[in-house]
Amino acid sequence: MVEGQAEAGIGPAVATPRRNGAPARGRSAVRTARRLLIYLPLLPSLFAFIVLLGYPVLLAVLISLQKMGLRELVQRTTVWIGLQNYAAILADPTFWAVAVRTLAFTAVNVGLTMLVGTVVALLLGALGRWLRLALSISLVLAWATPALTASVIFQWLFDSKFGVVNWALTSIGIFGDFTNHSWFATGLSTFGVISLLIVWQAVPFVAFSLRAGILSIPTEQYEAARVDGASDRAIFRRITLPSLLPLILILTFLSAIWDFKVFTQIWTVRQGGPAGETVTLAIYAYLKGITGAQYGLASAVAVVMVVLLAFVLIPYIRTMLRTQDDL
């Protein structure tokens with residue numbers, strides 16, 4: 001009766017499911033094809049990434065499993081020694097001291113960069129037009145200065161005899177007499193100069209990025225908060241900071257990667273001195289590989305650096321992804 005009514009157009013039509021689930025499989029295939037098409041434009045970048053970065057990483061891993069010195073390099077011989085290079089560096093107390101020093105150095109630089117960058121970003125919004133323009137130009141010039149040039153300039157600034165910093169501090173008189181004071185006599189003060197240099201060049205990128213993030217926040221939120229009588233501190237804590245949190249996490253992640261592998265500034269200022277007190281993992285790998293001609297050992301150090309950085313940043317990456325999912 002139901003089938004007759006359906007055929008005559010009187011009753012409701014009853015859909016008869018097809019065998020083997022053909023329509024469901026078809027829709028699933030269409031969805032899969034659409035997802036693949038979304039990622040299709042990324043294939044050229046992915047290919048370039050694999051060629052330009054994947055091959056050197058693979059080569060570094062292979063070299064770290066070999067005994068490679070000047071003899072093996074000149075004779076083009078391959079001597080596989082397995083994990084002996086890794087065992088050698090992990091058993092070296094100097095390596096662990098350098099690793100701890102590198103992590104502390106990175107944490108200080110990242111913290112100062114994010115703190116100063118946030119303050120400068122807020123300052124860009126509080127200054128007048130011409131002061132904001134002058135500050136922006138200064139930030140761009142600091143950002144555009146090559147790392148090698150900036151390192152040489154900072155050496156001149158902090159020179160013990162002819163440095164402008166010693167002259168300025170002595171002229172002010174508040175901090176005492178800095179005549180012939182050597183900023184590079186100890187590892188701590190040398191790291192202080194290097195950190196100041198790194199933060200000085202890293203702040204512009206962070207400040208401009210955070211300033212762009214602040215400008216993307218709807219002005220209605222600030223207007224409503226001011227109508228409710230909220231103070232500037234409360235507005236920053238409840239509106240600006242939560243809105244900028246995903247961007248802050250990304251910038252912190254990038255800064256950690258950049259500062260962890262800093263080489264040019266440290267090597268140019270004092271080549272890891274005095275007495276090796278400013279040697280970081282990047283300098284340690286250079287000394288083992290280029291200076292010591294232990295290329296297999298240096299490659300093992302480079303691989304351990306990547307693993308160590310990834311291990312340290314895993315909790316941070318999870319937090320960043322969780323924050324992105326909550327948006």
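Basis for what follows: all heavy atoms, side chains included, without hydrogens, waters or symmetry-related copies.
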Does Trp183 reach the side chain of Ser160, with side-chain heavy atoms less than 4.5 Å apart?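 A side-chain contact is absent here, since even the closest heavy-atom pair is not under 4.5 Å.
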So, Ser189 versus Thr186: side-chain donor-acceptor pair below 3.5 Å or not? yes
Going by distance alone, is a donor N or O of one side chain under 3.5 Å from an acceptor N or O of the other, for Asp259 and Thr106? no
Sorted by chain and number, sequence neighbours left out, side-chain hydrogen bond (donor to acceptor under 3.5 Å, both in side chains) with Thr179 holds for Asp177
With Thr291, which residues qualify under side-chain hydrogen bond (donor to acceptor under 3.5 Å, both in side chains), at least two apart?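 So Thr291 forms no side-chain hydrogen bond (donor to acceptor under 3.5 Å, both in side chains) with any residue.
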[atom1] of [X] to [atom2] of [Y]: how many Å apart, nearest 0.5 Å?
X	Y	atom1	atom2	answer
Ser299	Gln66	OG	CD	8.5 Å
Thr278	Arg101	OG1	CZ	7.5 Å
Lys288	Leu297	NZ	CG	5.5 Å
Gln155	Arg270	CD	CZ	5.5 Å

Report the residue from [options] that forms a side-chain contact (heavy atoms from CB on, under 4.5 Å) with [X].
X	options	result
Phe154	Val269, Leu196, Asp159	Leu196
Val206	Ile248, Thr113, Val110	Thr113
Val98	Ile89, Leu281, Asp92	Leu281

Closest non-hydrogen atom pair between Leu124 and Ser136, with its separation: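 In this case the closest contact between Leu124 and Ser136 is CD2-OG, 3.7 Å.
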Go through the structure and list residues passing side-chain contact (heavy atoms from CB on, under 4.5 Å) with Val119, not counting sequence neighbours.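 Scan of Val119 (side-chain contact (heavy atoms from CB on, under 4.5 Å), adjacent residues dropped) gives none.
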Working for side chain to side chain contact (heavy atoms under 4.5 Å, CB included), residues Trp96 and Leu90: CA-CA 7 Å; Trp96 292 108; Leu90 294 178; 3.6 Å; yes
Quick check: are there more than 12 heavy atoms from other residues, nucleotides or ligands sitting under 6.0 Å from CZ of Arg238?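 No.
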Can you tell me if CG on Leu188 sees more than 12 non-hydrogen neighbours from other groups inside 6.0 Å?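 At most 12 heavy atoms, drawn from other residues, nucleotides or ligands, come within 6.0 Å of this atom.
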Restricting to ring pair (Phe, Tyr, Trp, His ring centres under 6.0 Å), what partner residues turn up for Trp258, sequence neighbours left out? Phe205
Residue pairs passing the ring pair (Phe, Tyr, Trp, His ring centres under 6.0 Å) test with at least one member in residues 52-89, sequence neighbours excluded, are none
I'd like to know if Leu148 and Trp200 are part of one continuous hydrophobic network [Ile/Leu/Val/Met/Phe/Trp/Tyr, side-chain heavy atoms within less than 4.5 Å].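 Looking at the clustering, Leu148 is in a separate group from Trp200.
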Please tabulate, one pair per line, all N/O donor-acceptor pairs under 3.5 Å involving side-chain atoms of residues 220-235, not counting sequence neighbours.
| unit_1 | atom_1 | unit_2 | atom_2 | d |
| --- | --- | --- | --- | --- |
| Tyr222 | OH | Thr240 | OG1 | 2.9 |
| Ser231 | OG | Ala234 | N | 3.3 |

